Each structure stands twice: as C-alpha cells, then as structure tokens.
Amino acid sequence: MEQVTRRNFIKFSSAAVVATASTGLLSNVTRGDVAEEGVEEIEGLEWNKIPCRFCGTGCGTLLGTKDGKIESVKGDPEAPVNRGLLCVKGYGLLKIQNGSDRLTDPLILATSKSDPEPRYRKASWSEALDLVASKMAEARAEHGPSSVAMFGSGQWTIWEGYAAAKLWKGGIQSNSIEPNARHCMASAVAGFATTFGMDEPMGCYDDFEHANAFVLWGSNMAEMHPMLWARITQRRLVETSTKIVNMTVASNRTSEMADQEVIFKPQSDLAIANGIANQIILRGNVNHDFLTKHAVFKRGKLDIGYGLEDKFKFAEEASAATFEEYSEFVSEYTPEVVEEISGVTPEELNALVDIYADPNVKVMSLWTMGVNQHTRGTWMNNLIYNLHLLTGKIATPGNSPFSLTGQPSACGTAREVGTFTHRLPADLVVANPEHRKFAEEIWNVPEGTIPAAPSYHAVEMVRAIDRGEVKFFWSQVSNPFQDFANLNRYVDAVKREDCFVVASDVYPTRTTELADVILPTAMWSEKEGAFGNSERRTHFWKQITKAPGQAKSDLWQVIEVAKRLGMGNLFDYSASEYPLVDGQLHSDASVEAGFYMEKALWEEYRKFGLGHAHDLAPFELYHETRGLRWPVVDGKETKWRYNEEYDPYVPEGEGFRFYGNDAKTDGKAIIWLRAYEPPPEVPDIEYPMWLMTGRVLEHWHSGTMTKRVPSLWKAYPHATANIHPRDAIKMDVEHGEKIRVTSRRGSCEVTVDIGGRVKPPQGMVYVPWFDEDVMINNVTLDAYCPISKQTDFKKCAVKIEKLS
C-alpha cells in the first residue's frame, strides 16, 4: 500500500476526519479563531513550547506571542506525541483564556447562601485570604483536621498539586484532599496496583507503531483522544493486516474505522473478558513458560457492594489460587453464557480470541471511562491484564494493556504526586508507617504529622458535607457541582450555612455560584507548569503571559493561605540554592517568595521517587526536552517497564520482573479470578431505559474553557439526547424536540438527537455532561467501585417524557 502521511490521513480519511471536521480546523497554524491551510507564519512572534491544556494525551504546542499577548497557536513539530498536529480543541487553545466573563478579582458572598440569586462584592486578596484561612482554622479547631477538605484535579500543575498535598497532609494534618481524577482514573490506578504493585502503564505511545491489533474497551478514541487515534489509523492504513476492534455499548465515531464493532450490554464486559480467557485456555494458547516465571493467581472477594453508603476501605481481601482453579473458574464463561449475559455472539467472541490467542499478533488493549467509570472498574482492569498475562503479550513493543488518561496531568499530578486521600508521592500510601515517616523526613515535619488513615474519597467527601462532617471545602481547577453524580443531594448540602465553600477558578461555574469566596485564578500560560501524561511523560513549560487583573496561580493561593495558618515554613526554601533567573518571566509564587519556587518544589518532590523505580530528572533537563518518560535513570527515559531490555530496574538475566510486587509475590504479576456481577441499577417498568453519559469532541469536561471558544461553541452549543430511531417512534419524538430525562434522583430537559455521532442501541439514551444548562448529573447514580472508589457515570435507569 502507498505510504500515507499522518497529515494527509487526518485531512482526508473519512473516519479520522472526526478529529477536525466539526469546525474545519485543519492547518498547522491558528490565528484568531480561524485556521487556513498554508497560512503564513505571523511576523514578529515569539514562540514558546507548552503542552496542551486539555486531555491526557500530552500533545505539544507552540504559542506565538507578541507584546505579551497570545496571537497564534500551532502544533509543536518537535513534540514526539503529536508531531506537529493538533485536534480541534488544541487549535482552540488560543481563545480559552480570553472569555469576556473572566474572573479577575476576589469575590466575597454579600448575601445569604440560600438566596435564590446570591450577590458578591469585590475584595482585596488580603481580605479574601484572611477570611479563607480563618474559616479553615476555625473548622480544624472545632471539628478536627479532616473537616477541612480540598478538591482539585489532574489539571493542577505538578507543583500546585504537590504544594496542596504537602499543606494538607504535612501542615493541616488532614488527608481530606482528593482530585477529580477519582472520577476518571481511579479504577486504572487500583487495577495497576492490584495486578502489578505499581501504578501506570508499562508501555508507551511507541506501541502504536508496533502493534498488529487494537482492541478498544469502552474508549471512543476518535473523539476523546484524536491524536492517538490518528496514530492507530495510520498504522491501519499502512499495515493493512492490522485489526481494530471497537468494544462499546453504543455505536460511535470510532466504529467507522474499526474492522469490527462489538456492541455489548452495560457491565457485561466482565463476562466477555472471562469468556476470551476461557477460550485462550481451551485452544492451548496459554504461554505457560511466561506464567510460571512471572505470574501468580489470586481469588478476590465477591459481592463487594456498589459504593452506596459503604464504609471506606482500600484493602483487597484475597487468597491464593492455582492455574487449574483459574481455568475452572473461567470455564463457566462459555460462548453461550457470554452471549446470554452480553449479547455478544460466539462468532464475535471468537474473533476477539483470535487476536489475543495468536502468538504472532501483537495487541494493544486500550480503555478509558467505559472501563474505569464502572462499579467493577478495578475488576475489569484486572481482567484485561489477565488476557495479556495469559499469553505473555505484555511489556514488549506493540504488546500493551494501556489505560488512556482524561486530564492533562491526571498521571503527573493526581497519581504521581499523590493528591488522593490515601496516597503520598511516588506510589507511597498514608496507611504505611514507613511511607509516612519517609514523607515526614522529606517535608521536615515531626514524625506522626501525617494521619495514618485516609479520610474521604471524592464521593464520600461530598457525602460528609451532607452529613455535616466537612465544614470547609475548597475547590481548585475543578467544577465539582457540575461534575459529581446525584448532584441534587450534594448541592443542597453545600447551600447550608455551616459549610464554608471556596472556589478558585477562571470563569463563573456551577461551583462558583455556590461559593462563599471566589478566587480568580491564573491559567495555563499565565504560570509556570508541568504536566504528566498517559505514557509517563513529564513535560515542563515556562510562564509565557501575565494573568489579567488580580488573578493569581493556585500555587500562590495555597502558599499564601499556608502563611496565614502559621505553616509558611513548609514552603520556605533557600534563595541562594534556587535563585530567580534574570530575564525570565517568573510566576507570582516565585516573585512573592524571592526565589525559584517551582524549581525548589520539584527538586524536593523528586526525592520521593529516586531509587524507587519512579525516578524523575533534574529540573533543567525537562526545559531542554519535550518531556521524558519515567523512570529517568542517568538522564535516560524508560519506554517499556518490567522488561530487562529497556528497564534498568529489572535485574540482569530475569527477562521480566514486575518489581512493584517484590514484597508480595516475589516480583510476579497477579492474575485475578473476577466474576461478572450485574450493575446496581437496571431498567425496569417504571424506569425502562439505560442512561449513558460521556463527552463530545468539541467540549472538554464541564465546558468551562471550550464554551469560550466561538468555533467550538457554535459547532456544539448544547448537549443533546441521542436515542435510537425506534425509541423515537415509540415515544412519538422527532429530532430537535425537547424531552425530560428522569431517574430516581432527578431530571433534566434536553433536545433529542436522532442519528447523531453516538448511536445508542434501542433502550438507551446518551447525554454528554459538558453543558451547565443540561445538568445531566442531577440524574446519574453515585454508585462506585468499592475498591477504586470511582463513580459509575455510565449506567443507570431512566424514563423519558416528551415535552409539549
């Protein structure tokens, strides 16, 4: 086949053009809100590298500035992730900081929280932060440290998340800190930890150019990760024998380029994965040599609940098992049983088995929210790993189970920094006394400072507000009161006068309208930063522009509050060791401190991983590169972990070693016996349809940024309800008419879309959640995986009514 370039493919492939077609943004340079092929470089611009602000792909961009203002954006041709290309949201980066309703002054609530239209008054930073710190101190003194909570996200820069975690755990002595990565990547974290003993993928994006097959388990990559989808589809076009299988509960744009689309019933992916494993064993395609050397079997506890008011536990109850017991366990998942549970035919199942079982086929399994937002999300992660471990297709180029990340630094800031309630940096956990002691030594705080147990994970945190246990709640880089499931319950809770809410943000949101104090935040290019992407790549950038008005970085805000709490010493570093750089635009945090705060925090943070297979490079090296994949040992990044050929932590002669499990299983991965269990809520006579939520190409998360980009807003101004044509006929609803979607928890009104990009099967409605005018999370169920604590936004029972 004739070689196809990635740029030509993006432009002309009918399937992959989803990455750009909605607004026609195809060029390499965007000027204003228009992009044209062949546009000349704008004269007099200064170009600076900076990673994209949106998803966890980690694309590199170049921002062109003139007189301190961003004038242009283009893909960075030196960035190995995207190689000069951007998706439609990437080209919209030019506009995300310039909305007319940008918050530029601290605001303090001037009316009662219960007022239907609360009003705010402008305040100085000194007044606002004094109030914030006094409310924190008051709650801590009267109700204990855990009553003081912070909710952030994988949109924090690495040092912002690190500073917040250090203040909370090493200063306030509260583990009540969580990122919204709990909603998107926690099941991936728990899956990696329970199978391999360490978090994050062992492979990297280079796998795309080596694999012969791609199996997507609940991942609409064409819209959610379009630059990575471009690499897959180029592989498919160049190597025509390559197979793509889209495993999904609803047909989507990814299916258009797939060789096989497999539609299955919600939650039944567990049965499908066990059915594939059963057939691998029956066909005699198990790699017994690999299993003997590198894997053990364990049986986990069944019937663990659905996170509905359960107590908070992280422990996995397990017992040893044998290969024979595992074989007997999965033998129940015959093709006929799998079909009965999932609707997937034996022919479809066997096509999947052909991919995983054939020793000559290199396979990547890829997943996002379809697997992770799942009441058995940890289990499903484990079951995907089982398929790779059974066949030995793991930790080699092209053989990779790969969890794709949703936020720009969900890996770097949420997972690696440890901003979850139960974690510390570099895979350390608060429940381990040696880990706590190690962190206390690095932070130079007294032994016993860090609480020994987690307090509230994300869902439990807002439930604790509802119960009156959390009295202070600070949201940064997140929009929890649009993002959480079963929102009616928690919105009512935060409106009470006994919970003080602080919201740091760039624009007004559903969260700021519930806040007692609103703090205007510097954004992205207006501060120095670092993100960590899906392939363990850490990418730095320098501050490029100044923030408008009185807006300040989240890092500055955290440090200033720490000073007011008498904890400023946590961020007191040597000016001689970390001097400011002449001629460089330094962040507000560094200018205020009089030394290079970001560098000081980074060099302290990297101490956690050095020598522990989580090594990060010195500060300056990242500014000289387009990111490095950890562990970085002797200046060299690691592409494939656990493989002696590539990973310096695997002892010579072992071939493979899953060293995260050194203490538990002598360096062997764990194959889990995990059963299919039904969802916590299924359609019935009163609520006869499934609801699935998700995202669309043009908008990201709650739409706070993308709705300020005119081209993106015009392309998809409001969320729609996608339904099957037969359901539309049955309900006498036509395209463009309004319906009400109602569950046992709440309802919302939304416009019907028949024949749109997402085509649900009969009996299902799909509604994206980016639209604050269509609050679909008033409807969703706040059940979660009891191991990972990740919310299952993907399925609940609803009814639909036509509005006259």
Side-chain angles (χ1 to χ4, degrees), residues 1-21 26 55 57 59 75 80-88 201 203-248 250-263 276 347-348 350-368 370-371 384 387-388 391 393 396-404 534-535 697 757-759:
M1 181 177 178
E2 184 180 352
Q3 180 74 26
V4 180
T5 68
R6 291 178 67 245
R7 184 175 302 281
N8 287 339
F9 176 77
I10 287 285
K11 288 169 61 180
F12 300 120
S13 165
S14 62
V17 95
V18 66
T20 50
L26 295 168
C55 77
T57 298
C59 292
V81 171
N82 54 310
R83 304 165 184 172
L85 295 176
L86 293 175
C87 80
V88 66
C204 61
Y205 294 163
D206 296 44
D207 285 308
F208 291 122
E209 283 73 50
H210 293 279
N212 310 115
F214 302 91
V215 182
L216 280 59
W217 295 84
S219 179
N220 182 10
M221 286 184 70
E223 293 199 69
M224 301 307 109
H225 293 88
M227 290 298 94
L228 299 182
W229 180 239
R231 290 176 69 163
I232 290 178
T233 47
Q234 167 144 358
R235 176 70 174 171
R236 174 67 181 83
L237 291 173
V238 174
E239 299 291 339
T240 56
S241 62
T242 301
K243 300 295 182 187
I244 301 173
V245 182
N246 189 27
M247 306 282 295
T248 178
S251 186
N252 53 46
R253 283 294 174 90
T254 299
S255 300
E256 296 179 14
M257 192 67 181
D259 297 276
Q260 182 183 9
E261 178 189 66
V262 179
I263 304 289
I276 296 170
E347 292 75 22
E348 290 173 318
N350 281 318
L352 287 163
V353 178
D354 290 342
I355 290 172
Y356 283 103
D358 188 340
N360 297 314
V361 174
K362 295 181 179 180
V363 58
M364 284 190 80
S365 299
L366 297 136
W367 64 96
T368 45
V371 167
I384 293 173
L387 303 180
H388 286 264
T391 56
K393 295 184 178 184
T396 59
N399 282 318
S400 185
F402 205 104
S403 168
L404 295 168
S534 290
E535 62 167 349
L697 169 68
R757 294 183 212 163
V758 176
K759 299 176 177 63

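For this chain, numbers begin at 1 and follow the sequence in order. This structure is a prediction, so every number in the text was calculated from the model and none was measured.
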State, yes or no, whether a side-chain contact exists between [X] and [Y] at a heavy-atom distance under 4.5 Å.
X	Y	answer
L85	M227	yes
H225	C55	yes
L216	W229	yes
Y205	P80	no
T57	N82	no
R235	N212	yes
V262	T248	no
R253	L697	no

Check your understanding: Would you call E535-R231 a salt bridge at under 4.0 Å N-O?
Key ->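 The answer is no: the pair does not qualify as a salt bridge.
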Check your understanding: In terms of side-chain geometry, is the basic nitrogen of K362 or D207 positioned less than 4.0 Å from the acidic oxygen of its partner?
Key -> no
Check your understanding: Can you name the one residue among K759, R757, E261, E256 that meets side-chain hydrogen bond (donor to acceptor under 3.5 Å, both in side chains) with S251?
Key ->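 The residue from K759, R757, E261, E256 that satisfies side-chain hydrogen bond (donor to acceptor under 3.5 Å, both in side chains) with S251 turns out to be E261.
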Write down the atom of [X], the atom of [Y], and the distance for their closest heavy-atom approach.
X	Y	result
A250	I263	C-CD1, 3.9 Å
I355	K393	O-NZ, 3.0 Å
T242	A213	CG2-N, 4.4 Å
P201	S534	CG-O, 3.6 Å
S400	G203	OG-CA, 3.8 Å
C59	L86	CB-CD2, 4.1 Å

Straight-line distance of [X] [atom1] to [Y] [atom2], nearest 0.5 Å:
X	Y	atom1	atom2	result
C204	H210	SG	NE2	7.5 Å
Q260	E348	CD	CD	6.0 Å
M224	T368	CE	OG1	8.5 Å
W217	L366	CH2	CG	12.0 Å
D354	I276	CG	CD1	10.5 Å
F214	R236	CZ	CZ	10.5 Å

Review point. Between I232, L237, N246, which is the residue that forms a side-chain contact (heavy atoms from CB on, under 4.5 Å) with M257?
Key: L237
Check your understanding: Among all residues two or more places apart in sequence or in another chain, which pass the salt bridge (Lys or Arg N to Asp or Glu O under 4.0 Å) test with D206?
Key ->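 D206: salt bridge (Lys or Arg N to Asp or Glu O under 4.0 Å) contacts with R629, K639.
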Practice item. Measure from the side-chain N and O atoms of K243 to the backbone N and O of L352, and report whether any donor-acceptor pair falls under 3.5 Å. Key: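 Absent.
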Review point. Can any side-chain N or O of T254 pair as donor or acceptor with the backbone N or O of A222 at less than 3.5 Å?
Key: yes
Check your understanding: H388 vs Y356 aromatic rings, parallel, tilted or perpendicular, using cut-offs 30° and 60°?
Key ->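 The rings of H388 and Y356 stand perpendicular, inter-plane angle above 60°.
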**Study point:** side chain to side chain contact (heavy atoms under 4.5 Å, CB included) between S365 and L387, intermediate numbers included
**Key:** CA-CA 9 Å; S365 299; L387 303 180; 5.8 Å; no
